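This structure is a prediction, so every number in the text was calculated from the model and none was measured.
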Amino acid sequence: MLENVVKLTIVSPLLFIAGLYLSPFHIKAEKSLEIRAEDESVIIEGRIDILVLRQNFWVTVIESKQTAFSIEEGLAQILTYMLADPKAETPTFGMITNGVNFRFVKLVREATPKYALSDEFVIDNRGNELYNVLKIIKRLSQVGVNK
């Protein structure tokens with residue numbers, strides 16, 4: 001499956017079931033961003049596949065890849081996008097998927113940014129781990145509710 005097909009057939013229904021298409025959330029697809037290095041000589045431009053927001057709080061950043069690609073190929077890309085979160089004082093959460101494999105990422109920006117990865121969830125494993133992915137997406141929608 002191509003990246004857009006993954007977003008349309010896998011990611012979008014998950015976001016719908018998790019209630020992220022309803023207020024107070026709003027979705028931005030293909031959100032352009034620009035990141036400048038401290039010395040301003042390096043500029044990185046890109047597009048976040050899907051950004052879920054609640055007011056100005058980034059709920060989650062989603063990077064999709066073609067089914068043929070490993071989700072690890074999207075790790076550097078999603079981390080770069082997550083660094084663009086304007087709320088540097090709060091953790092940023094992300095999800096990488098190729099439609100079959102899912103991995104969640106948490107980024108904390110301190111003097112040196114640090115990230116952590118979840119286990120990998122695979123929907124064709126016994127027990128269909130897609131339910132676990134949905135639970136995590138729902139939980140992420142509750143992060144920062146009192147912020």
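- In this structure, Ile137 and Thr60 have side chains that are not in contact, with every pair of non-hydrogen atoms separated by 4.5 Å or more.
- To the nearest 0.5 angstrom, Leu20 atom CG is 5.5 Å from Ser141 atom OG.
- Hydrophobic clustering (side-chain heavy atoms under 4.5 Å, transitive across Ile, Leu, Val, Met, Phe, Trp, Tyr) keeps Ile10 apart from Leu8.
- Counting heavy atoms from C-beta on, the side chains of Ile123 and Phe102 come closer than 4.5 Å.
- By the side-chain contact (heavy atoms from CB on, under 4.5 Å) test, Asp124 is found to be paired with Val100, Val122, residues two or more places apart in sequence or in another chain being considered.
- In this view, Asn4 and Lys7 satisfy the side-chain hydrogen bond (donor to acceptor under 3.5 Å, both in side chains) rule, not counting sequence neighbours.
- By the 4.5 Å heavy-atom criterion applied to side chains, Leu83 and Pro113 are counted as neighbours.
- The distance from atom CZ of Arg54 to atom OG of Ser23, rounded to the nearest 0.5 Å, is 10.5 Å.
- By the 4.5 Å heavy-atom criterion applied to side chains, Ile96 and Glu72 are not counted as neighbours.
- Gln77 pairs by the side-chain contact (heavy atoms from CB on, under 4.5 Å) definition with Glu63, Lys65, Tyr81, not counting sequence neighbours.
- Under the 4.5 Å side-chain heavy-atom criterion for Ile, Leu, Val, Met, Phe, Trp and Tyr, Phe69 and Val5 are members of distinct hydrophobic clusters.
- Across Pro91 and Val108, no two heavy atoms sit closer than the pair CB-CG2, 4.3 Å.
- In this view, Leu117 and Leu75, Arg103, Val105, Tyr115 satisfy the side-chain contact (heavy atoms from CB on, under 4.5 Å) rule, not counting sequence neighbours.
- Counting all heavy atoms, side chain and backbone alike, Arg109 lies closest to Ala88 at NH2-CA, 3.2 Å.
- Partner Phe57 forms a side-chain contact (heavy atoms from CB on, under 4.5 Å) with one of Thr90, Asp85, Val52 and no other, that one being Thr90.
- In this structure Ser12 satisfies the side-chain hydrogen bond (donor to acceptor under 3.5 Å, both in side chains) test together with Tyr21, sequence neighbours excluded.
- Inter-residue side-chain proximity for Ile62 and Ile78 is flagged as unmet; no heavy-atom pair is nearer than 4.5 Å.
- Connection of Val11 to Phe16 is established within a shared hydrophobic cluster, with ILVMFWY side chains joined at heavy-atom distances below 4.5 Å, either directly or through further cluster members.
- A 4.5 Å side-chain heavy-atom check between Leu130 and Leu134 finds every atom pair outside the cut-off.
- By the side-chain contact (heavy atoms from CB on, under 4.5 Å) test, Leu53 is found to be paired with His26, Lys28, Leu51, Trp58, residues two or more places apart in sequence or in another chain being considered.
- Among residues two or more places apart in sequence or in another chain, the side-chain hydrogen bond (donor to acceptor under 3.5 Å, both in side chains) test is passed with Glu73 by none.
- Residues passing the side-chain hydrogen bond (donor to acceptor under 3.5 Å, both in side chains) test with Asn101, sequence neighbours excluded: Asn98, Glu120.
- Transitive grouping of hydrophobic side chains (ILVMFWY, heavy atoms separated by less than 4.5 Å) brings Ile17 and Phe104 into a common cluster.
- Partners of Lys87 according to the salt bridge (Lys or Arg N to Asp or Glu O under 4.0 Å) rule, which considers only residues two or more places apart in sequence or in another chain, do not exist here.
- Looking at residues two or more places apart in sequence or on another chain, you find a salt bridge (Lys or Arg N to Asp or Glu O under 4.0 Å) between Glu110 and Lys114.
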